[in-house]
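Remarks on the structure that follows.
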Amino acid sequence: MNEFQAIDAKRRELKLSVSALCRRACVPVTTYWRVATGRKRKWWPQTYRRFETALRGKQVPRCRAEADKMIGDLYRAYVVIFAKELGHAAEVLVADPQARSNLDVQWRASAYVRSLAVYCVTIELGVTGARVGRAVGLTRAAVSQINRRVQDFRDDPKVDALLERVGSLVSNRDPLL
């Protein structure tokens, strides 16, 4: 019995549909069907391990989409915190980042808040620029550019104090250390 037959037999024994198994394993359904229909000879070893783990009822490491959603949620939380700290209205959350309305004061304020949020997710939480970009809808280069710009903002003692204060709130560390 090959790997596919073993996984498929266990899936049938547990009365799981293919889509339910793939959801549990965080593997696209097409990956399963490519092997099932013979278009692909076998799965990658990590894919096989994901199916085995899911069939044992254990927790499979988070899917990329789930992790990206969590990073996006953290980013939005930072946006809310910075908007409140800087005294901006809720419009900051709905301002279209793609508008690039540099002359609009509200857009510039919201762009500043978004930049601080991207910086904190990347630097304070240690998330890679590529993952932050994917979660927020930016390129890795844009995230890098934002981080350099905010690092320059830190020369201002008020900005530095704000970043330290918010960073300590989220990471639960003493802001005076």
Seminar exercise, completed: residues 140-156 vs salt bridge (charged side-chain N to carboxylate O under 4.0 Å, His left out), sequence neighbours excluded, gives Arg154-Asp160, Arg154-Glu164
Exercise. Checking side chain to side chain contact (heavy atoms under 4.5 Å, CB included) for the pair Val132/Val118: CA distance, chi angles, key distance, verdict?
Worked result: CA-CA 7 Å; Val132 172; Val118 166; 4.1 Å; yes
For this session: Apply salt bridge (charged side-chain N to carboxylate O under 4.0 Å, His left out) to Arg134 and list each qualifying residue two or more places apart in sequence or on a separate chain.
Result: Asp68
Problem set entry | Heavy-atom neighbours of Arg41 CZ exceed 12 at 6.0 Å | no
Seminar exercise, completed: So CH2 of Trp43 and CZ of Phe51: to nearest 0.5 Å the spacing works out to 5.0 Å
Exercise. Shared ILVMFWY cluster between Ile123 and Val79, side chains joined below 4.5 angstrom?
Worked result: yes
Seminar exercise, completed: So CD of Glu52 and CZ of Arg50: to nearest 0.5 Å the spacing works out to 13.0 Å
For this session: Using the test side chain to side chain contact (heavy atoms under 4.5 Å, CB included), find all partners of Glu13 that sit at least two apart in sequence or belong to another chain.
Result: Lys10
Exercise. Do Leu162 and Leu116 have side-chain heavy atoms sitting under 4.5 Å apart?
Worked result: yes
Going by atom type alone, with no hydrogens or angles, which donor-acceptor pairs under 3.5 Å involve a side-chain atom of residues 24-37 and a protein atom two or more places apart or on another chain?
residue : atom : partner : partner atom : Å
Tyr32   : OH   : Asp8    : OD1          : 2.3
Tyr32   : OH   : Arg11   : NE           : 3.2
Thr37   : OG1  : Trp33   : O            : 2.8

Seminar exercise, completed: Output for pair (Ile7 CD1, Leu16 CG), nearest 0.5 Å, gives 11.5 Å
Problem set entry | More than 12 heavy atoms from other groups under 6.0 Å of NZ on Lys84 | no
For this session: Determine, using the 4.5 Å side-chain heavy-atom cutoff (strictly less than), whether Met70 and Val143 are members of one ILVMFWY cluster.
Result: no
For this session: Answer whether the closest heavy-atom distance between the side chains of Arg114 and Phe82 falls below 4.5 Å.
Result: no
For this session: State which residues pass side chain to side chain donor-acceptor pair (under 3.5 Å) with Gln151; sequence neighbours excluded, sorted by chain then number.
Result: Tyr119
Problem set entry | Close side-chain approach of Val159 to Tyr112, heavy-atom, < 4.5 Å | yes
For this session: Report yes if the side chains of Val136 and Val121 come closer than 4.5 Å at any heavy-atom pair, otherwise no.
Result: no
Exercise. Can you name the residues that form a side chain to side chain donor-acceptor pair (under 3.5 Å) with Lys69, not counting sequence neighbours?
Worked result: Asp73
Exercise. Can you find a heavy atom in the side chain of Leu163 that is under 4.5 Å from one in the side chain of Cys120?
Worked result: yes
Seminar exercise, completed: Distance col, row Leu21:CG vs Leu14:CG, nearest 0.5 angstrom, shows 9.0 Å
Problem set entry | Beyond-backbone contact of Lys42 with Tyr48, side-chain heavy atoms, under 4.5 angstrom | no
Exercise. Which atoms form the tightest heavy-atom contact between Ile71 and Ala135, and what is the distance?
Worked result: CG2-CB, 3.7 Å
